[in-house]
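Numbered from 1 within each chain, the chains take letters A, B, ... in sequence-line order.
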There are 2 protein chains.
Amino acid sequence: MTSIKDIAKRAGVSVSTVSRALNNYQDVNPQTREKIIQLARELNYFANAAAKSLVQKRSYTIGVFFGDQMNSGFDHPFFLEVISAVREVAGNAGYDLLIFTNSNKNRATYTTLCRERGVDGVFLILTGEGKKKNEQLVELQESGIPCVAIDLPLEGERCSYVESNNYLGAKKAVNYLLGLGHKKIAFIGGDEIGKLSFDRLYGYKAGLSEGGIEIDSDLVNLGYFSEEKTKEATKTVLNKHKDITAFFVASDSMALVVIETLIENGYRVPEDISVIGFDDIKEASQHKPALTTVRQSKYVMGSEAIHLLMKIIDEATYRPYPVVVPCELIIRETTAPCKK
Amino acid sequence: MTSIKDIAKRAGVSVSTVSRALNNYQDVNPQTREKIIQLARELNYFANAAAKSLVQKRSYTIGVFFGDQMNSGFDHPFFLEVISAVREVAGNAGYDLLIFTNSNKNRATYTTLCRERGVDGVFLILTGEGKKKNEQLVELQESGIPCVAIDLPLEGERCSYVESNNYLGAKKAVNYLLGLGHKKIAFIGGDEIGKLSFDRLYGYKAGLSEGGIEIDSDLVNLGYFSEEKTKEATKTVLNKHKDITAFFVASDSMALVVIETLIENGYRVPEDISVIGFDDIKEASQHKPALTTVRQSKYVMGSEAIHLLMKIIDEATYRPYPVVVPCELIIRETTAPCKK
DNA sequence: TAAATTTCCGAAAACGTTTTTGGAATCTGT
DNA sequence: ACAGATTCCAAAAACGTTTTCGGAAATTTA
């Protein structure tokens, strides 16, 4: 490994001059600089990031936590697309991404892990269980480490989050169903702990209310983003309400299960019952019939999140606020006018 | 940030003693050690990774390159599952993952990027264009940096790769088709540059030969893993050979396109024509009808790859060899006995 | 031409660790 | 009680940078 010393020796100057030359300081003779740059190229020199970060206290690295604390894997519903955006824009700004593996050997917290690695900021994209606000999250929030989360209401001096407009998205779905003439609309929600689940439920209720429909709490059931629970919830609704004509489901993956269950029970989609999902995952458009759904702009979310994070990193005085990304209703084949 | 110095001061010992105490050296008095550990806990101390890696020349970080050089994104067909395995086993061994963003600002190569960040090893999972062996790959291969790739035949002192047994997998598919009585079996391949594509083609040919069927090069077409090209290739076959009864396709995503095209042209799957894919991506099982395919064990591939990499890192004398993971034929609904 | 200014560069400290070396203190055996 | 062995620890160098400070040389100004 060729170091700054090697260059200094060859160029006949001091290491400090080499450093200044390579970092575009102004107080260095153009010819000297040229010689040094030339030498650096020849010797295939690249600065040692560890040494740099040691003195600068800047690593040009963004830490990423995802999945839950149990290290269960890359199972966020749209982890891929979000992280892809993050990677792209962070990359253009000169950052690399450090994926924490949560090695369970040492029981370090988010905060200590970040400090240990010296990341400039941290990006959180957690699933289910991770979303319970726990001490670790609070610690991180108060640590002063710049941090941005997806779908997880973090707020602090240097903390913020990005989410979809789940409330309005849900309302759009319900409005559309109402416009098709549906009156008995069941809701299969997520869980009781996530803000996201709450907002979608709230949007559902608001949509119905504004449409002049009374809310029947029997029509609201939770699927917990799990296949079995969703199936169960669907059956519960079906048994109690033979006259149901539409389902609004809080995630596409659950919506697909709902459709499956419906078909197993002899219903046709959308002829007998309409179904709307949420997320617009890949499978939604590939499914037969293609799923009508509320699309989350995953790329936009990722991009907004990382821009936000970089702003927090760069501007010491910036006081961040949450970013709410609009949703779009994507009409496909699982919705039809109500016949009853 | 509390450093080793703070602890030393408080404990009334030297920094070297603190370091030795914390790193389980034997020549330190049990009581001293206890006091130091206690203090470290109280002060919430964690070692600065940069400083550590500077002196140790070990970062406990594994670099990850994925996508092509154009920074096109996380588009490897099963990036997620492989990287999930990598993360899990690397995490248990104490490594974090550094995702290189290929910031195109500086035109650094794989090798310099790795040296700069001081990663202990590097993991490559590239798509299409990245697979052309280029100078960067050669440089990396010869750099002495431990490195393991997926589906990319890297070989060197400290380099290796993991792949599926594409040859045998393809043969299994053809054998199965032959067993169902099919004699006219078309092949939609990938491209001309990947070893993977070559092996699958070779397996197809071997399968036919062993079954006593003459190979008709008209039946072999490439889809280049693209929707349009695949559609085109399918139509070409269909036009020339009205009597075709089965397609073996080199990837699931292409197989799905083939099926779509078949249906558009009035064929039924599997009643008129059987189709077998390759990969077993998520959509394969969810498709109606569910796709018969050759499954690649993605988790196993990732796990084997990272184990291999860690072995190369740890054992200076270890001369690595490629790991070939078996494929499994998953019989679903797109294959049926030949009626002709 | 002397003084003032500017241009350019080197020395050295600092970042937070690990690791080598040597030595003081204690312990062991005789 | 003395030599030798053992136990424990401190000092210091090293890793590869950046950055501050000051100063010599060159240039400008008066």
task: Remember a base hit wins even if backbone is also touched, and classify N48(A) as base, sugar-phosphate or nothing at under 4.0 Å, heavy atoms.
output: sugar-phosphate
field: Test: K195(B) and D151(B) ion pair at under 4.0 Å
entry: no
- prompt: Looking only at side-chain N and O atoms, does S19(B) come under 4.0 Å of OP1 or OP2 in dT17(C)?
  reply: no
Spacing of R58(B) atom CZ relative to dT17(C) atom P, expressed in whole Å: 19 Å
query: Rounding to a whole Å, what distance do you find between I4(B):CD1 and dA14(D):P?
result: 19 Å
message: Go nucleotide by nucleotide along DNA chain D from the 5' end; which of Q26(B) and K57(B) gets its closest nucleotide reached first?
response: Q26(B)
query: Among the nucleotides dT17(C), dT19(C), dT18(D), which one has an atom lying closest to any side-chain atom of Y45(B)?
result: dT17(C)
- request: Please tell me which of R20(B) and A50(B) maps to the more 5' nucleotide of DNA chain C, matching each residue to the nucleotide holding its nearest heavy atom.
  value: A50(B)
field: Comparing V15(B) and R33(B) on DNA chain D - which has the more 5′ nearest nucleotide
entry: R33(B)
query: What nucleic acid atoms does G118(B) come within less than 4.0 Å of, heavy atoms only: base, sugar-phosphate, or nothing?
result: nothing
query: NA contact type, S53(B), heavy-atom cut-off 4.0 Å: base, sugar-phosphate, or nothing?
result: nothing
query: Does R33(B) CZ have over 12 foreign heavy atoms under 6.0 Å away?
result: yes
message: What I want to find out is whether D96(B) reaches R117(A) closely enough, with some N-O distance under 4.0 Å, to be called a salt bridge.
response: yes
- prompt: Please give, in whole Å, the distance from dG23(D) C1' to D27(A) CG?
  reply: 13 Å
field: Nearest-Å distance for atom pair NZ/C1', residues K9(A) and dG10(C)
entry: 16 Å
task: Measure from the side-chain heavy atoms of V55(B) and tell me the nearest of dA10(D), dC9(C), dC15(D).
output: dC15(D)
message: I want to check one thing: is the phosphate of dT18(C), taken as OP1 and OP2, less than 4.0 Å away from some side-chain N or O of S16(B)?
response: no
- prompt: According to a strict under-4.0 Å criterion, is T17(B) in side-chain N/O contact with OP1 or OP2 of dA10(D)?
  reply: yes
- request: Kindly say whether the aromatic ring centers of Y110(A) and F65(A) come within a distance under 6.0 Å.
  value: yes
field: N/O donor-acceptor pair, side chain S14(A) with base dA11(C), under 3.5 angstrom
entry: no
- prompt: When we call it a touch if two heavy atoms are under 4.0 Å apart, what does N29(B) touch: a base, just sugar-phosphate, or nothing?
  reply: sugar-phosphate
- prompt: How close or far is atom C1' of dT18(D) from atom CG of N23(A), stated in whole angstroms?
  reply: 8 Å
- request: Answer with base, sugar-phosphate or nothing: what part of the nucleic acid does S3(B) contact at a heavy-atom distance below 4.0 Å?
  value: sugar-phosphate
task: Write down the distance between CD1 (I36(A)) and P (dC8(C)), rounded to a whole number of angstrom.
output: 13 Å
task: May I ask you to check whether over 12 heavy atoms, not counting those of Y60(B), lie within 6.0 Å of atom OH?
output: no
query: So which of M310(A), R58(A), K57(A) actually passes side chain to side chain contact (heavy atoms under 4.5 Å, CB included) with D120(A)?
result: R58(A)
message: Rounding to an integer number of Å, can you tell me how far L54(B) CG sits from dT18(C) C1'?
response: 10 Å
field: Y25(A) OH - dT20(D) P separation (whole Å)
entry: 7 Å
